Amino acid sequence: MTTIYLVLEISALLLVIVLPLAGPKKKKTRKVALVEISNWAIDENGGLQNFVKARPDHHPAK
């Protein structure tokens, strides 16, 4: 019985010493979500409007 108690005590001591040495694993790098701006906005009257204007042609017809 004394042998079992001694083995348990030594293993507990080693466990207390070894676990802090192992330390936490490196943190995984999180993927940062890209910030996107919506094409929609709410106007003065509370309506949903597409506020991105279409680009005019660079070469207007003559």
Side-chain angles (χ1 to χ4, degrees):
M1 185 71 173
T2 307
T3 307
I4 295 172
Y5 180 72
L6 186 62
V7 168
L8 285 174
E9 198 171 62
I10 290 173
S11 62
L13 179 64
L14 288 175
L15 186 68
V16 168
I17 292 172
V18 171
L19 276 181
L21 292 177
K25 302 293 179 192
K26 290 184 179 179
K27 292 183 180 178
K28 294 182 181 178
T29 56
R30 294 186 205 173
K31 292 183 180 179
V32 177
L34 296 176
V35 176
E36 295 182 18
I37 298 176
S38 175
N39 295 340
W40 298 93
I42 298 176
D43 63 4
E44 306 86 34
N45 300 327
L48 189 62
Q49 298 290 323
N50 188 352
F51 71 90
V52 175
K53 306 284 186 202
R55 288 188 192 174
D57 292 334
H58 292 286
H59 305 287
K62 292 184 179 182

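Nothing here was measured: the structure is a model prediction, and the numbers come from that model. Positions are given from 1 along the sequence.
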Donor-acceptor list for residues 9-21 side chains, cut-off 3.5 Å, not counting sequence neighbours:
unit_1	atom_1	unit_2	atom_2	d
E9	OE2	Y5	OH	3.4
S11	OG	V7	O	3.1
S11	OG	L8	O	2.9

Approximate separation, where rounding is to 0.5 Å, of N50 CG and S38 OG: 8.0 Å
Side-chain donor/acceptor of N45 to backbone N/O of G47, under 3.5 Å: no
Residues, nucleotides or ligands: over 12 heavy atoms within 6.0 Å of I4 CD1: no
Separation between CG of N39 and CD of E36, rounded to the nearest 0.5 Å: 9.5 Å
